[in-house]
Structures are given as structure tokens and as C-alpha cells.
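Note that the coordinates shown come from a computational prediction; the quantities given were computed from them, not determined experimentally.
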Amino acid sequence: MIYLYDSPLGPISYEWDGECCLRVWLEQHDAEAVLHDDPVSGWLDGYFSRKHVALPLLAPPASGFQEKMRAGLLQIPAGEVRTYGEIAKQLDTAPRAMGQALGANPLPILIPCHRVIAADGLGGFACGLEWKKKLLKFERGF
DNA sequence: CCATTCATAGCCT
DNA sequence: AGGCTATGAATGG
């Protein structure tokens, strides 16, 4: 089931099967219902009110690498950023692979892929650069 | 200082 | 298997 969450930064849709969060869109996808009583919306409430809430159960990573990447990203404190290169070194992989894996990440925001930027500029963002800018701007207030 | 090139590893078709 | 990156470092003008 896909739900819609109306965040201060824009519409967020997510698929929730009652157990774990399967995927997240940074747009009004094909939301079938508006619900505010599951761990995902609870986490989003916490995020946007700058409180720490435990992550809901997430869809299992598609690969072992994505699992490592997830763990690495979750170590980044809110309001801070890393470069693709730094994460790559930490995970003992190549910077380019990071972009690929991050772009394939089905769970933006929950997995804070927006806190990863290029060594010189902003880098890219699968769901639109505007979101990345907005999220980083929001997190600067942490 | 800008443009091009290449090494690199994981993802998609 | 081959092509495509949300990169980065090195090179050449």
C-alpha cells in the first residue's frame, strides 16, 4: 500500500506493507491512501521536527554492497555531509560505484543519501536536485 | 584555470 | 557482456 505524507518540504510517498518500508518517492507517486499511523510517518514526523526517532523496518538491501552502503550512510550525523570519495574509501570501493548504488537506493531520506555530495559541487540526486538542496538546507539548522 | 581522459566498481538491460 | 553512471585524480592546453 502506498501512502502519502505531506512534509514541510514537499509531498513524500512511501510504500508500507504493514511490516517494513519498501520504497520511498519524493513526490506524490500513486498514493492510494493518506495515513499517519505507521512507523514511517512517525519517523518523518520526528525528522521534520528535528527529533531522533528509530528507523522503521526497511526493505532488505538488494545486495551486500547496498547493505554496507546503508550502514555507512546511517553513520553520517544529521546536518553533516560526506563526499562520494570519502564514503567510497570507507567502504573500500570506487567513488563511481557510490553514485550508481546511491542512485539505485529505493529509500531516499530514510537512508540519508542526500548527505553525500561530490568533492567539488553538490553531486546529483535521483529524485530531483531541488530536494537535495532543500534537505541540506533544512538540516543545516541542526 | 578549464577541458579532456581514464581508472574504477556496481547497477541495469 | 556491454553500457551507463549522483566521481575523482591526473594530464594537457
_Rounded distance (nearest 0.5 Å) linking atom CZ of A:R115 with atom CG of A:L74_ =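 Here the rounded value is 8.5 Å.
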
*Residues A:K133, A:E130: salt bridge by 4.0 Å N-O rule*: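 Result for this pair is yes, salt bridge flagged.
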
Proximal nucleotide (of [options]) relative to the [X] side chain:
| X | options | value |
| --- | --- | --- |
| A:A104 | C:dG8, B:dC11, C:dA6 | B:dC11 |
| A:C113 | C:dA6, B:dG10, C:dT7 | C:dA6 |
| A:Q66 | B:dA7, B:dC11, C:dG8 | B:dC11 |

*Does C:dA6 have a Watson-Crick or wobble mate here (both distances under 3.5 Å), and if so which one?*
none

*asked:* With a 3.5 Å limit on both atom pairs, tell me what B:dT8 is paired to, counting Watson-Crick and G-U wobble, or say none.
replied: none

_Do A:P39 and A:W16 make a side-chain contact, defined as non-hydrogen atoms from C-beta onward lying under 4.5 Å apart?_
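Heavy-atom side-chain distance check passes, below 4.5 Å.
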
Find the distance [X]:[atom1] to [N]:[atom2] and express it as a whole number of Å.
| X | N | atom1 | atom2 | value |
| --- | --- | --- | --- | --- |
| A:K89 | B:dT8 | NZ | P | 17 Å |
| A:N105 | B:dG10 | CG | C1' | 14 Å |
| A:M69 | B:dC11 | CE | C1' | 11 Å |

Which part of the nucleic acid, if any, lies within contact of [X], taking any heavy atom under 4.0 Å across all strands shown: a base, the sugar-phosphate backbone alone, or nothing?
| X | answer |
| --- | --- |
| A:F65 | sugar-phosphate |
| A:A126 | base |
| A:G103 | base |

*asked:* Given the structure, check if the side chain of A:R96 and the base of B:dT8 hold any donor-acceptor pair shorter than 3.5 Å.
replied: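 No, no donor-acceptor pair under 3.5 Å.
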
Check the phosphate of [N] against [X], side-chain N and O only, distance under 4.0 Å to OP1 or OP2. Yes or no?
| X | N | value |
| --- | --- | --- |
| A:T93 | B:dG10 | yes |
| A:Q100 | B:dT8 | no |
| A:S63 | B:dG10 | no |

_Distance-only side-chain donor-acceptor flag, A:E15 / A:H29, under 3.5 Å_ =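 A:H29 and A:E15 do not have a side-chain donor-acceptor pair below 3.5 Å.
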
